[in-house]
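For clarity, every value in this text was computed on a predicted model and none was experimentally measured. Numbers for residues simply follow the sequence, beginning at 1.
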Amino acid sequence: EAKCAYIIIIMAVYWCTEVIPLAVTSLMPVVFFPLLGVQSSKSVCLQYLNDTNMLFVGGLIVAISVEQWNLHKRIALRVLLILGVKPALLMLGFMIVTAFLSMWISNTATTAMMVPIVQAVLDQMDNTEYDVTMMEQAAGQTNTVIELEEKSTSESTAVHAISNGQVPDDPRSSEEKKMRKRICKGMTLCVCYAASIGGTATLTGTGPNMVLKGQMNQLYPNNNDIVNFASWFGFAFPNMILMLVLAWLWLQCSFMGLNFKKSWGCGTERTAKEKAAYNVLKAEMKKLGPISYAEFNVLLMFVLLVLLWFSRHPGFVKGWATRLFPEGEKYITDSAPAVFIALLLFILPAHKPKFIAWSQSMSDSEQTEEDIKKPFLSAPLLDWNVVQRKMPWSIVLLLGGGFALADASANSGLSAWLGHQMTPLGSIPPWAIATVLSLIIAVFTECTSNVATATLFLPVFSSMAASVKIHPLYVMLPGTLSASFAFMLPVATPPNAIVFSYGHIRVLDMVRSGIVMNIIGVFCVTLAINTWGRPMFDLDTFPTWANSTTNQ
């Protein structure tokens, strides 16, 4: 256990300080676990491209195809034109969309899909602001020049004024640039936070929730199916909404300042900048023209992927995995549809297929010659070179490193040792236990994967609840939700890693906002479990089904 803990601590330090690249740090388990006798090379290396990582790769390939055909720009402009360019509303819009999607899709895929859109919107606003400032400056110059010419008869002053008032490369003041940068950080951070928060709302939304369901059925066989799709949704959905609003307010405060007039536009007229921004957006939309065949295909593939993910195993009805394939729910996970769609993207044509025989009959001979010159089959929607160039391979390694760590800490007995340290909690009132455990998990999940954290801690919590004689769900529910609160480090969860890979954010920024996000999360969960959670799951009583296991 000590050897395992030692390596985890070293890697956590390296990940925080970035002394060597994040992806390189992630490779350390391959060397040091076998050397220290924690785990064999074989079992460590298996973790690096497991099911979750394949899902990640599939999702990213779909995201790359969306980027490749500029579909994200079209969606971005649509969202901007609907919501307007007020930063606060824009951020809220992004957060709502992301949270809603990650309820049904994996958080990783949602983030990989949303970040390019946010990126496009930010670039758009940036360029617009730049153009407007240029125009304003140019207008200002002509005025000063005319005034000077009127005032003084000597030509030299006018010439002097012109040379002084030359347009600089970037007219934005350093103050404005800083603000731009901060808005950039806030907008990208809000996506990964919203994805993590949204995933908690449904039983199938994220790994830890499924871990809880599995472990409840394993540890307490006759629990009358207390955790099912409906009961979980009823408990976690209000909690998600509350967290989303608080997170949005916090990001507003920390990155944009609470100048309500400016960011909301309460009672203010649209500024010239905003008007210009709106016009430029409209013009950009026109420039894109009607939706092309390739774009339509990519959009179709994306929608199909969302539907496949959503309907694979919805929980309240039988999914296609169970209906169409024998023992499908055992064999098929989210990575299968993701990679399936990725395969299709390399096969489907980017242009409408041309049928040469038909065009022969046309009278216009030049037309037919042109048509014959064209290759019969068009290029596919995606090209491997593009994927290789755009795929963030470092993040794939980063994820693998996280899985290897989690696996080792489970197998070396480190998690069992940690559970043993928790027995003194018996003397504390239950609500305090739940809060303390939430905090512990929220910190622990920052340096191991969420599913691993849940897998390590939930059995420990259930045995602790039995010894302290409180309802097992009273500690297991907050524990499960807190496992998703990985807000502080880029390595904590794939969405953070994706957002981080776009390079707007330093690790320090993420840690700073993440600490408050963790506090918000633990506060919301404590509130939920002590208010509407109590009547839903009868948390005040120690149930008979929990008792029978202790007597055996």
According to salt bridge (Lys or Arg N to Asp or Glu O under 4.0 Å), does anything in residues 478-503 pair up with another residue at least two apart or in another chain? List the pairs. none
Taking all atoms of both residues into account, what is the closest heavy-atom pair of Ala442 and Val522, and its distance? CB-CG2, 4.3 Å
Is a side-chain N or O of Asn239 found less than 3.5 angstrom from the main chain of Ala528, in a donor-acceptor match? no
Using only atom types and a distance under 3.5 Å, with no angle test, would you say the side chain of Thr98 pairs donor to acceptor with the backbone of Ala195? no
Could you check whether Asn518 and Glu446, counting side-chain N and O atoms only, form a donor-acceptor pair closer than 3.5 Å? yes
Distance col, row Met301:CE vs Leu381:CG, nearest 0.5 angstrom, shows 8.0 Å
CZ-CG distance between Phe523 and Leu246, expressed to the nearest 0.5 angstrom: 7.0 Å
CE (Met28) and CD1 (Ile8) are apart, to the nearest 0.5 Å, by 11.5 Å
Assess whether side-chain contact (heavy atoms from CB on, under 4.5 Å) is satisfied between Val57 and Met391, documenting all intermediate values. CA-CA 8 Å; Val57 170; Met391 173 78 74; 3.9 Å; yes
Which heavy atom in Met179 sits nearest to a heavy atom in Phe255, and how many Å separate them? CE-O, 4.4 Å
Please round to the nearest 0.5 Å and tell me the distance separating atom CZ of Arg182 and atom NZ of Lys178. 9.5 Å
Taking the side chain as everything from C-beta on, heavy atoms only, tell me whether Leu299 gets closer than 4.5 Å to Trp69. no
So which heavy atom on Ser26 is nearest to which on Pro29, and how close? O-CD, 3.2 Å
Does a side-chain heavy-atom distance below 4.5 Å link Leu308 with Phe340? yes
Stepwise side-chain contact (heavy atoms from CB on, under 4.5 Å) test for Leu27 and Val31: CA-CA 7 Å; Leu27 293 172; Val31 185; over 6 Å; no
Is there a side-chain contact between Ser41 and Val30, using heavy atoms and a 4.5 Å cut-off? no
Out of curiosity, Ile64 CD1 to Gln388 CD, how far, rounded to the nearest 0.5 Å? 10.5 Å
Between Gln68 and Lys390, does a side-chain contact (heavy atoms from CB on, under 4.5 Å) hold up when you go through it step by step? CA-CA 10 Å; Gln68 174 72 0; Lys390 288 191 172 185; 4.0 Å; yes
With Ser196, which residues qualify under side-chain contact (heavy atoms from CB on, under 4.5 Å), at least two apart? Phe487, Thr493
So, does Thr445 use its side chain to make a donor-acceptor pair with the main chain of Ala483 at under 3.5 Å? yes
Could you tell me whether the side chain of Thr188 and the main chain of Cys184 form a donor-acceptor pair under 3.5 Å? yes
Check the pair Ile520 / Phe485 against side-chain contact (heavy atoms from CB on, under 4.5 Å), numbers first and verdict last. CA-CA 10 Å; Ile520 288 174; Phe485 298 161; over 6 Å; no
Would you say that Trp232 contacts Thr480 through its side chain, given a criterion of any heavy-atom pair below 4.5 Å between the two side chains? yes
Side chains of Leu481 and Phe235: closer than 4.5 Å at any heavy-atom pair? yes
Taking all heavy atoms of Ser513 and all of Trp250, pick out the closest pair and write down the distance. O-NE1, 3.3 Å
Flag side-chain contact, heavy atom, 4.5 Å: Leu397 against Trp393: no
Side-chain heavy atoms of Lys185 within contact of Arg506, under 4.5 Å: yes
Non-hydrogen atoms of Leu382 and Phe346 that approach each other most closely: O-CD2, 3.5 Å
Working to the nearest 0.5 Å, report the span between CE of Met510 and CD1 of Ile515. 13.0 Å
Measure the shortest side-chain to side-chain distance between Val499 and Tyr193 over non-hydrogen atoms and say whether it is less than 4.5 angstrom. no
Identify the two heavy atoms, one from Ile96 and one from Leu244, that lie closest to each other, and give their separation to 0.1 Å. CA-CD2, 4.4 Å
